[in-house]
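Below is one structure, written out as structure tokens; comments come after it.
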Number of protein chains: 2
Amino acid sequence: MADVAAKVGVSRALVSIVFRGKEGASQETRDRVFQAAAELGYHPDTAAQLLRSHRSRHLGVLYTPAEPFHVDLIEAIYPMAEKHGYDVVLGAQTPTRAMTKAVEELLGFRTAAVLLLGDATLAEVTRLAARVPLVAVGPHLRGDAFDTVSSDDSRGARLAVEHLVELGHRHIVHVDGGVKAGAADRRRGYRAVMRKHGLPATIIPGAYTEESGALAARELLRCDPLPTAVFAGNDRCAVGIVHALRRFGLTVPGDVSVVGFDGSRAAQLPHIDLTTVRQDISGTAEAAVESAIERLDDGRTEAKHVIRKTQLIVRGTTAPPKR
Amino acid sequence: MADVAAKVGVSRALVSIVFRGKEGASQETRDRVFQAAAELGYHPDTAAQLLRSHRSRHLGVLYTPAEPFHVDLIEAIYPMAEKHGYDVVLGAQTPTRAMTKAVEELLGFRTAAVLLLGDATLAEVTRLAARVPLVAVGPHLRGDAFDTVSSDDSRGARLAVEHLVELGHRHIVHVDGGVKAGAADRRRGYRAVMRKHGLPATIIPGAYTEESGALAARELLRCDPLPTAVFAGNDRCAVGIVHALRRFGLTVPGDVSVVGFDGSRAAQLPHIDLTTVRQDISGTAEAAVESAIERLDDGRTEAKHVIRKTQLIVRGTTAPPKR
DNA sequence: CTGAAAGCGCTTACAG
DNA sequence: CTGAAAGCGCTTACAG
């Protein structure tokens with residue numbers, strides 16, 4: 001920084017002003033400063049800026065890289081954060097790297113707030129919220145100390161099952177998501193619609209993965225008669241079901257209709273073309289970032305719990321039953 | 001930090017020593033310091049440590065979150081980096097966020113070195129290497145200023161095609177990866193084996209995505225006679241081909257055999273069970289991290305270009321031709 | 001082990 | 001605009 005100042009012939013304070021885009025420097029000086037910085041390969045030291053200015057402009061995001069839905073979310077979070085002048089610091093949870101470790105790293109970076117994607121217990125969330133402003137995205141938790149953004153999973157599930165019933169399906173199975181985020185509400189929604197129409201509810205225990213979908217497909221094939229429709233816990237599970245059924249020689253939606261949940265990018269792929277319940281990804285990202293900003297920049301302290309609407313997207317994996 | 005020191009009744013310097021795990025403090029003092037820190041919620045400020053100590057223990061990794069192969073790599077990079085005492089800072093390239101932006105961010109964090117996953121031109125890599133020790137993972141580039149770790153793509157491709165020939169296939173099509181990393185070498189390997197056996201080479205232009213695989217599958221169906229085997233540019237493309245073929249009512253490997261490339265996690269899924277050429281992911285991650293460490297901690301300055309072996313993994317999508 | 005001091009690369013407030 | 005000064009939370013080297 002001193003080198004840049006010397007080269008341009010101005011004070012270090014002015015260079016600082018130019019790089020932060022503050023007023024107090026002429027356009028000509030700005031150009032010369034940037035020019036000199038480029039030649040010298042100078043780049044402001046984020047750590048020093050942060051240290052001195054006492055303000056972190058970093059939003060920590062705790063996520064699972066292998067989770068496609070998280071990837072969709074962080075891609076939406078980046079532009080939202082940038083709009084508010086924040087950088088995003090990613091903290092990755094991997095099979096060899098527990099959440100606590102990723103959290104400590106994020107806190108070491110002094111992120112101003114943390115957006116927590118995915119599953120967490122109330123105890124974990126509460127403990128973390130005591131250390132840093134926290135927005136939990138996904139889990140249906142409530143508390144005074146943290147914000148949440150979640151989807152209306154129960155309503156989404158009802159939309160999916162009502163769609164199948166309207167197509168004429170009577171024998172509809174749900175492959176659920178166990179204890180994962182939203183799974184309980186999706187189960188509830190499924191049960192409610194089946195009950196309403198006087199249909200028997202059948203739930204195959206599953207998870208939010210392709211493997212579990214493929215496994216559940218084997219269970220389905222053991223049913224006699226074969227169900228005419230499946231409501232999967234999420235898109236990954238649905239994709240596993242579709243592929244496994246096709247591999248076993250069945251057609252989708254000819255023999256079995258399948259509905260997913262999430263509205264992930266994978267569901268849109270032309271060879272999948274999955275009917276699904278879309279969660280509003282960019283709206284969720286927006287709400288999460290704004291919740292954090294409100295606490296950080298506007299001084300909000302009371303908890304805020306946002307629920308985003310879901311929407312049924314009818315594509316190519318659902319049709320009226322043939323049997 | 002001062003609060004912790006006061007609470008325990010020691011100097012700040014001692015607290016610093018305890019947190020860095022250096023000698024000069026008794027076990028009892030260490031315990032008391034950690035105890036007090038936990039009660040006070042104290043956590044060392046990474047930025048300040050870095051600023052003062054002049055050493056960054058951060059490895060920047062530039063990657064694409066939506067790329068499953070990158071995800072496999074970063075999951076392998078984390079434990080390797082930790083082994084050498086380095087933290088990983090992720091820089092994400094997304095559709096709305098160009099590489100240059102992610103690079104600036106990483107450099108702002110003063111990462112000690114950068115591991116660059118995925119595609120980059122020689123000019124980009126050279127320019128970046130002038131600013132920070134750089135290891136490019138994937139692209140077949142050579143230069144004096146940076147290290148690379150890549151796979152023996154040509155040999156891998158030959159393994160795949162030889163496998164198909166040995167099964168009895170004569171009509172083998174390659175769906176390529178265009179200008180992406182390794183695509184040229186994989187094409188070369190395919191052509192070499194076809195030529196060696198006096199077979200005609202047919203290449204369908206593709207990309208490293210499921211969509212391109214699905215699109216290529218339509219092209220395949222227009223071939224008369226239908227090829228009996230396909231060598232796909234990578235696993236994602238292969239998965240798209242398999243699914244599209246099955247959707248069109250064909251069986252894999254009954255009607256068409258399919259081989260992928262990468263050995264990604266997706267290829268292992270039971271409903272895919274893809275025959276593929278595995279790149280040594282953990283070996284690649286290890287080589288990349290070690291290349292960076294050698295420059296950082298051992299003072300190596302000459303470039304190092306590592307090529308990792310590939311391995312054919314025969315699974316369920318290849319079989320002798322029926323026709 | 002302590003305690004005082006210097007300094008990392010910045011930002012900030014102030015007198016000019 | 002300048003220039004000098006203080007200070008962020010640490011680490012480091014040193015005399016005791």
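Hydrogens, waters and symmetry mates play no part in the numbers below; they use all other heavy atoms, side chains included. Each chain gets a letter, A, B and so on, in the order the sequences are listed, and its residues count up from 1. Being a predicted model, the structure only gives us computed values, none of them experimental.
Under 4.0 angstrom from either OP1 or OP2 of dT11(C) there lies at least one side-chain N or O belonging to Ser16(A). For dT11(C), the OP1/OP2 oxygens have a side-chain nitrogen or oxygen of Gln49(A) closer than 4.0 Å.
Rounded to a whole Å, the CZ atom of Arg57(A) is 14 Å from the P atom of dT11(C). One atom, CG of Asp45(B), and another, P of dG7(D), lie 18 Å apart when rounded to the nearest Å. Atom CG of Leu14(A) is separated from atom P of dA13(C) by 16 Å (rounded to the nearest Å). Here dC10(C) presents its C1' atom at 11 Å from CG of Leu50(A), a figure rounded to the nearest Å. One can place NZ of Lys22(A) at 15 Å from P of dT2(D), the figure rounded to the nearest angstrom. Here the C1' atom of nucleotide dG7(C) and the CG atom of Leu51(A) are 12 Å apart, to the nearest Å. In this entry the distance linking CZ of Arg12(B) with P of dC10(D) reads 8 Å, nearest Å. Distance CE (Met1(A)) to P (dG7(C)): 19 Å, rounded to an integer number of Å.
Side-chain proximity of Arg20(B) to the nucleotides dT11(D), dG9(C), dG7(D) is greatest for dT11(D). Checking dG9(D), dT2(D), dC10(C) against the side-chain heavy atoms of Ser11(A) singles out dT2(D) as nearest. You'll find that the side chain of Arg52(A) is closest to dA6(D), out of dT12(D), dA6(D), dC10(D).
For Arg131(A) and Glu104(A), the salt-bridge test passes: some basic side-chain N is under 4.0 Å from an acidic carboxylate O. With respect to the salt-bridge test (charged N to carboxylate O, under 4.0 angstrom), the residues Arg97(A) and Glu105(A) qualify. Taking a cutoff of 4.0 Å between a charged side-chain nitrogen and a carboxylate oxygen, Asp119(A) and Lys180(A) qualify as a salt bridge.
Applying side chain to side chain contact (heavy atoms under 4.5 Å, CB included) to His140(A) and the options Asp153(A), Thr148(A), Ile307(A) leaves one that passes, Asp153(A).
Nearer the 5' end of DNA chain C, as judged by each residue's closest nucleotide, is the contact made by Ala48(B), out of Ala48(B) and Ala13(A).
At the heavy-atom level, Ala2(A) lies nowhere under 4.0 Å from the strands shown. Heavy atoms of Phe19(A) sit nowhere under 4.0 angstrom from any nucleic acid atom.
For the pair Thr64(A) (side chain) and Glu67(A) (backbone), a donor-acceptor distance under 3.5 Å is absent. At distances below 3.5 Å, not a single donor-acceptor pair connects side-chain atoms of Arg308(A) with backbone N or O atoms of Val149(A). With hydrogens and angles ignored, the 3.5 Å screen pairs a side-chain donor or acceptor of Ser56(A) with a backbone N or O of Arg110(A).
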Which pairs, protein N/O on one side and nucleotides 14-16 of chain D N/O on the other, fall under 3.5 Å?
none

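With the 3.5 Å cutoff on both pairing distances, Watson-Crick and G-U pairs in DNA chain C assemble into runs of at least 3 at C:1-3 with D:14-16, C:5-12 with D:5-12, C:14-16 with D:1-3.
A donor-acceptor pair shorter than 3.5 Å cannot be found between the side chains of Tyr208(B) and Arg236(B). For the residue pair Glu75(B)/Thr94(A), the side-chain donor-acceptor check at 3.5 Å is not satisfied. Using a 3.5 Å distance cut-off with no hydrogens or angles, the side chains of Asp147(B) and His305(B) do not pair a donor with an acceptor.
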